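To start, the structure under review is shown below, and the notes come after it.
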Number of protein chains: 2
Amino acid sequence: MKVISILGSTGSIGTQTLNIVREYKEEFRVDALAAYSNIDLLEAQVREFKPKIAAIGDASQYKELKRRVGGLTYVAADREGVVEAATAESCDTVVSAIVGIAGLIPTYNAIKTGKNIALANKETLVTAGRIITEEIKKNNVKMIPVDSEHSAIFQCLAKGKQNEVSKIILTASGGPFRNRTLKELENVTVQDALKHPNWSMGRKITIDSATLMNKGLEVIEARWLFDIMPESIEVCVHPQSIIHSAVEFVDGAVIAQLGLPDMKIPIQYALTYPERLPTNGEKLNLTAIGDLTFYEPDMKKFKCLKLAFRALSMGDSACVVLNGANEEAVKLFLSGKISFLAIGDLIEKTLDKHKIISNMSIDEVSALDLWSRKTLTNLYELGCIK
Amino acid sequence: MKVISILGSTGSIGTQTLNIVREYKEEFRVDALAAYSNIDLLEAQVREFKPKIAAIGDASQYKELKRRVGGLTYVAADREGVVEAATAESCDTVVSAIVGIAGLIPTYNAIKTGKNIALANKETLVTAGRIITEEIKKNNVKMIPVDSEHSAIFQCLAKGKQNEVSKIILTASGGPFRNRTLKELENVTVQDALKHPNWSMGRKITIDSATLMNKGLEVIEARWLFDIMPESIEVCVHPQSIIHSAVEFVDGAVIAQLGLPDMKIPIQYALTYPERLPTNGEKLNLTAIGDLTFYEPDMKKFKCLKLAFRALSMGDSACVVLNGANEEAVKLFLSGKISFLAIGDLIEKTLDKHKIISNMSIDEVSALDLWSRKTLTNLYELGCIK
């Protein structure tokens, strides 16, 4: 349990902090409250949270506060009183949420007495950054920013825990046909499908990008890489391919990785992890890009993506069939034997014929892969799907 | 030094991997290369990188490859040959970049022989996710994704190192006046300035958001929180306030934190760090938002932001003056005594009068704060700025 002192308890950050304490009574206890002048709200907070100390910055209100809650808690006032609240012995964490430089001295003293700081008062670092960062090191305390921007940066640097992931958001460029209708997809040529808007890749994966099967395969890959259930994987079409994917955590925070569409960073990172090495190439400039857009994928137009989710829900062996059938169907499309939309139709028919195999061995995977290719080829030769 | 085996060395990922090896000769060595059929390129790669083994998947080309490079390296062929390359004894890392299920068996064998895997072949996990993830655990090896989406997620979960940060990107909503001209800002009222488009906050910080001084103070705060030089801090206007800020690393990867504009997450995170607790509120839905925009801040219109960078470049004590002068100027504006644009003008004049003090004590900070307030009040009373 964390024992908290809130400096600025009647302000916007202070009251929101108390909402969190109210929600998680097992996690947090409030032993100190300090406000500047709003004694009505401070009184209510004292009655509800029963702190050991309540401090009022505006000394002229000391007597009135003491009259109201003096029987319930120790009452302090003026700057010294706020410092008393900031350094209250039983507290381990101080939420520094006083507005303006008035927050500096209490925060400074809290650090000196070994408290961890949740910092919402930016003036503390603006006016005394060098002194404060030295004291943080000297006293071996943590300072966690509350400002949304600095919290964001802090979160970007922190390690994410896999068991706290609530959702994976896989972004998709949408491929070359994202703006075409289903009707228009009927007459797509091999040449059309090989023109990918953002990424330069091999032929097979470029076709998979056009059908969105590539995204479907990535959903299955993510399920295993990050040990996450399929219903927690979301595909989001993002034509600029700048946000390469994102993770949502249980508290609602989303962490995303961004960059120019260039495989150099992911390849290099895979080789250098957990370190990063400098690159000299062009860097992402958000203001030059200007605009990032997002929309839901159309599962009717891109049946292959739907089939990937279906295979995942059927079971492991269905994913083998999906993949084998797709490899074979893409070959048929690239050699001009079937239409673009037939890729999905043939895979669907192949999946229909599959009976789930549990606990496959690696040899069974290879055998099932061959079965799915043969089955798809037979379906093609029967000539019902072109 | 990492010793690498590249499966699929003549493909898109393979050749890009070799570019990285070429760039970082001290970090990487290539001991094994495997390709399917492009023997011209494989020959060139053998001549340049001098691997211990070169494997060709297409067995019909074995003799020709052996004729060309048999004197330089051991030549293997067919599926077994690729597995030999995947399990070559001196290699610790296998880049698995063969297209299709053909990559499965070599990758499986690489894991079995204790190699770390840089995984570009998604079929390995699509077809045998359960088997592969078990083998990874059993053999205690790492699997790092190369696919840009999965690499993104992997990076979102990894700890960021402060010494690898190349830039901090602080986003700014732009405040209520981002679309007004400088001329229009002349007649802004207190009421106008108190209406913030995205965030609900106290009066002082709402005015600071309207002048962008809030962003300026955050730049100074970030300088100390993340031990980063001012020239590596960039402000980017992002009216939707969804990306709360971002970090660019030396390799060009950008990690960002996103969320709805709600202080609950950052406050709670500051209290629960390094853990996260679930929240029940509305979650970010990128497809519902649809559009994120970015542009550069106008430092002429928002002089306060420019003054914050100026104070940082002057020295620590100038930041105290900037802050004290701003607090006083905002008071004057809120009480209707000065115009909106006079806030920046008065702060600028106050900064002009300041002489830098080095190695301030905490008491000197407080004294300088008072000086800056008095100086600004005097400037106001002189009546040259309204």
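Chain A is the first sequence line, chain B the second, and so forth, proteins listed ahead of strands; every chain is numbered from 1. Not measured: the values here are computed from a predicted model.
Heavy-atom distances place both the backbone and the side chain of B:Ile13 under 4.5 Å from chain A. Using a 4.5 Å cut-off between heavy atoms, A:Val165 contacts chain B through its side chain alone, with no backbone atom that close. Only the side chain of B:Glu327 comes within less than 4.5 Å of a heavy atom of chain A; its backbone N, CA, C and O stay farther away. If you measure heavy-atom distances from A:Ala246 to chain B, the contacts under 4.5 Å come from the backbone alone. Contact annotation for B:Val95: only side-chain heavy atoms (C-beta onward) come within less than 4.5 Å of a heavy atom of chain A. Proximity to chain B (any heavy atom under 4.5 Å) is shown, for A:Ile362, by both the backbone and the side chain. No part of A:Leu312 comes within reach of chain B, as not one of its non-hydrogen atoms sits under 4.5 angstrom from that chain. Heavy atoms of B:Ile131 lying under 4.5 Å from chain A belong exclusively to its side chain. The parts of A:Thr279 that come within reach of chain B are both its backbone and its side chain, each placing non-hydrogen atoms under 4.5 angstrom from that chain. Only the side chain of A:Ile168 has a heavy atom closer than 4.5 Å to any heavy atom of chain B. Looking at B:Glu296, the atoms closer than 4.5 Å to chain A (heavy atoms on both sides) sit in the backbone and in the side chain alike. If you measure heavy-atom distances from B:Ile136 to chain A, you find no contacts under 4.5 Å at all. Residue contact with chain B, scored on non-hydrogen atoms closer than 4.5 Å, involves the side chain of A:Lys2 exclusively. Looking at A:Arg203, there are no atoms closer than 4.5 Å to chain B (heavy atoms on both sides), in backbone or side chain. Interface residue A:Ile105: only side-chain heavy atoms are found under 4.5 Å from chain B. Only the side chain of B:Lys204 comes within contact range of chain A, with at least one heavy atom under 4.5 Å from a heavy atom of that chain. The contact between A:Thr17 and chain B is made by backbone and side chain atoms together, counting heavy-atom distances below 4.5 Å. Contact of A:Ile205 with chain B is made through the side chain alone, with heavy-atom distances under 4.5 Å. With a threshold of 4.5 angstrom between heavy atoms, A:Val99 approaches chain B through side-chain atoms but not through N, CA, C or O. Of the two parts of A:Asn19, neither the backbone nor the side chain holds a non-hydrogen atom closer than 4.5 Å to a non-hydrogen atom of chain B. Of the atoms belonging to A:Leu104, it is side-chain heavy atoms, and not backbone ones, that fall under 4.5 Å from chain B.
Looking only at heavy-atom pairs under 4.5 Å with chain B, the residue among A:Asn214, A:Leu292, A:Thr127 that has the most is A:Leu292. Counting heavy-atom pairs under 4.5 Å between each of A:Phe28, A:Tyr295, A:Phe249 and chain B puts A:Phe249 at the top. In terms of non-hydrogen atom pairs under 4.5 Å with chain B, the most contact-rich of A:Gly259, A:Gly129, A:Ala172, A:Ala118 is A:Gly129. If you tally non-hydrogen atom pairs under 4.5 Å between each of B:Lys159, B:Glu23, B:Glu218 and chain A, the highest count goes to B:Glu218. Each of A:Cys319, A:Gly281, A:Gly290, A:Ser317 has some count of heavy-atom pairs under 4.5 Å with chain B, and the biggest count is that of A:Gly290. Of all the listed residues (B:Ser366, B:Ser245, B:Ala288), the one sharing the greatest number of non-hydrogen pairs under 4.5 Å with chain A is B:Ser245. Contact count against chain B (heavy-atom pairs under 4.5 Å) is highest for A:Asp316 among A:Val219, A:Asp316, A:Asn326. With respect to chain A, the highest number of heavy-atom pairs below 4.5 Å among B:Asn285, B:Val320, B:Thr293, B:Ile267 belongs to B:Ile267. Contacts with chain A were tallied for B:Ile265, B:Asn323, B:Ile153; B:Ile153 has the most, counting heavy-atom pairs under 4.5 Å. Top candidate by heavy-atom pairs under 4.5 Å with chain A, chosen from B:Ala222, B:Gly216, B:Gly324, is B:Ala222. Top candidate by heavy-atom pairs under 4.5 Å with chain B, chosen from A:His150, A:Gln155, A:Glu282, is A:His150. With respect to chain A, the highest number of heavy-atom pairs below 4.5 Å among B:Met360, B:Arg223, B:Lys215, B:Glu123 belongs to B:Glu123.
Contact detail for A:Gly252 and B:Lys283: the closest heavy-atom pair is CA-CD, 3.5 Å. Across all non-hydrogen atoms, the minimal contact from B:Lys122 to B:Asp147 is CE-OD2, 2.9 Å. Of all heavy-atom pairs spanning B:Arg373 and B:Lys331, the tightest one is NH1-NZ, 3.9 Å. Closest non-hydrogen pair, A:Leu119 versus B:Glu221, comes out as CD2-OE2, 3.7 Å.
Looking at heavy atoms from C-beta onward, B:Leu157 lies in side-chain contact with A:Phe226 at the 4.5 angstrom threshold. Counting only heavy atoms from C-beta outward, the side chains of B:Ile255 and A:Ile255 approach each other to under 4.5 Å.
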Practice problem: List the steps and the verdict of side chain to side chain contact (heavy atoms under 4.5 Å, CB included) for A:Leu322 and A:Leu217. | Solution: CA-CA 9 Å; A:Leu322 176 90; A:Leu217 298 176; 4.1 Å; yes
Exercise. Dump the intermediate steps for side chain to side chain contact (heavy atoms under 4.5 Å, CB included) on A:Tyr24 and B:Leu277, then the final yes or no.
Key: CA-CA 9 Å; A:Tyr24 287 104; B:Leu277 284 178; 3.7 Å; yes
Practice problem: Applying side chain to side chain contact (heavy atoms under 4.5 Å, CB included), run through B:Val146 and A:Met263 and close with a yes or a no. | Solution: CA-CA 8 Å; B:Val146 169; A:Met263 286 304 292; 3.9 Å; yes
Quiz item: Which is it for A:Glu27 and B:Glu275 under the side chain to side chain contact (heavy atoms under 4.5 Å, CB included) test, yes or no, and what are the steps along the way?
Solution: CA-CA 11 Å; A:Glu27 309 284 339; B:Glu275 321 290 332; over 6 Å; no
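If you take CD on B:Gln16 and CD on A:Gln268, they are separated by 11.5 Å, rounding to the nearest 0.5 Å. Residue B:Gln257 holds its CD atom at 6.5 Å from SG of A:Cys156, rounded to the nearest 0.5 Å. With rounding to the nearest 0.5 Å, the separation of CZ in B:Phe154 from OH in A:Tyr269 is 6.0 Å.
The side-chain contact (heavy atoms from CB on, under 4.5 Å) with B:Leu258 is formed by just one residue from the set B:Ile289, B:Thr171, B:Ile242; it is B:Ile242.
The number of heavy atoms from other shown groups lying within 6.0 Å of CG (B:Asn359) does not exceed 12.
Aromatic ring pairs are classed by plane angle as parallel below 30°, tilted from 30° to 60° and perpendicular above 60°; the pair B:Phe294 and B:His238 is parallel.
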